Amino acid sequence: MKPQAILVETNWVVDVIAPAHIQSPQAVQLLQRAREGEFELYVPAISLTEARETVRRRFAPRSRSEDMRQFLRWAKDQGRVTVEDADTAFRLFDQFDGLVVDTPRAEATGILGSKTGLN
């Protein structure tokens with residue numbers, strides 16, 4: 001029997017390629033089930049482009065972390081946090097900021113690009 005076909009769209013792609021800590025478990029599970037051959041997923045090409053832009057805009061970490069960076073600079077200058085703690089926090093912010101910058105391209109090609117069950 002031929003596997004059933006499921007059409008997904010931009011919101012599903014966003015849920016799958018979002019940074020790991022924000023990904024939708026249900027969307028990832030759907031992809032896994034397709035990989036296992038339970039059904040085939042079909043993604044319109046435009047959904048990949050739309051998802052990349054949506055992820056970058058919606059999860060723009062730099063804007064989220066900038067307020068904390070400003071507070072941390074101020075707190076360090078005021079002696080409210082140690083230099084070591086500030087450095088650790090800045091490294092954490094850099095990692096967070098890198099998630100969205102790297103995720104759309106890497107995830108779209110890695111998770112979606114060459115996986116069985118996805119067309």
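What you see below is based on every heavy atom in this structure, not just the backbone, and it leaves out hydrogens, waters and symmetry mates. Please read these numbers as outputs of a predicted model, since none were measured by experiment.
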Where do [X] and [Y] come nearest, in terms of heavy atoms and distance?
X     : Y     : answer
Gln4  : Phe39 : O-CB, 3.0 Å
Asp15 : Ala27 : CB-CB, 3.6 Å
Ala86 : Lys76 : CB-CD, 3.6 Å
Pro44 : Leu7  : CD-CD1, 3.8 Å

Problem - Distance, nearest 0.5 Å, that separates CD of Glu40 from OH of Tyr42 - result: 4.0 Å
Handout entry: From Glu38 atom CD to Gln32 atom CD, the distance as rounded to the nearest 0.5 Å
Key = 10.5 Å
Handout entry: Residue pair Thr82 / Asp85, side-chain donor-acceptor N/O under 3.5 Å
Key = yes
Practice task
Indicate the ring-plane relationship of Phe93 and Phe90, choosing parallel, tilted or perpendicular according to the 30° and 60° boundaries.
Solution key: perpendicular
Handout entry: With Thr10, the side-chain hydrogen bond (donor to acceptor under 3.5 Å, both in side chains) member among Glu53, Arg52, Glu50
Key = Glu50
Fill in the blank from the handout: The side-chain hydrogen bond (donor to acceptor under 3.5 Å, both in side chains) partners of Thr49 (sequence neighbours excluded) come to none
Problem - In one Ile/Leu/Val/Met/Phe/Trp/Tyr side-chain cluster, 4.5 Å: Met68, Leu72 - result: yes
Problem - Joint cluster assignment, Val55 & Val28, ILVMFWY side-chain distance < 4.5 Å - result: no
Exercise for the section: Would you mind reporting whether Gln78 and Trp74 have side-chain heavy atoms less than 4.5 Å apart? Expected result: yes
Problem - Minimum side-chain heavy-atom gap Arg35-Leu31 below 4.5 Å - result: yes
Problem - Glu84 bridged to Arg91 by N-O distance under 4.0 Å - result: no
Problem - Verdict with supporting geometry, Leu30 and Trp12, side-chain contact (heavy atoms from CB on, under 4.5 Å) - result: CA-CA 9 Å; Leu30 190 68; Trp12 179 83; 3.5 Å; yes
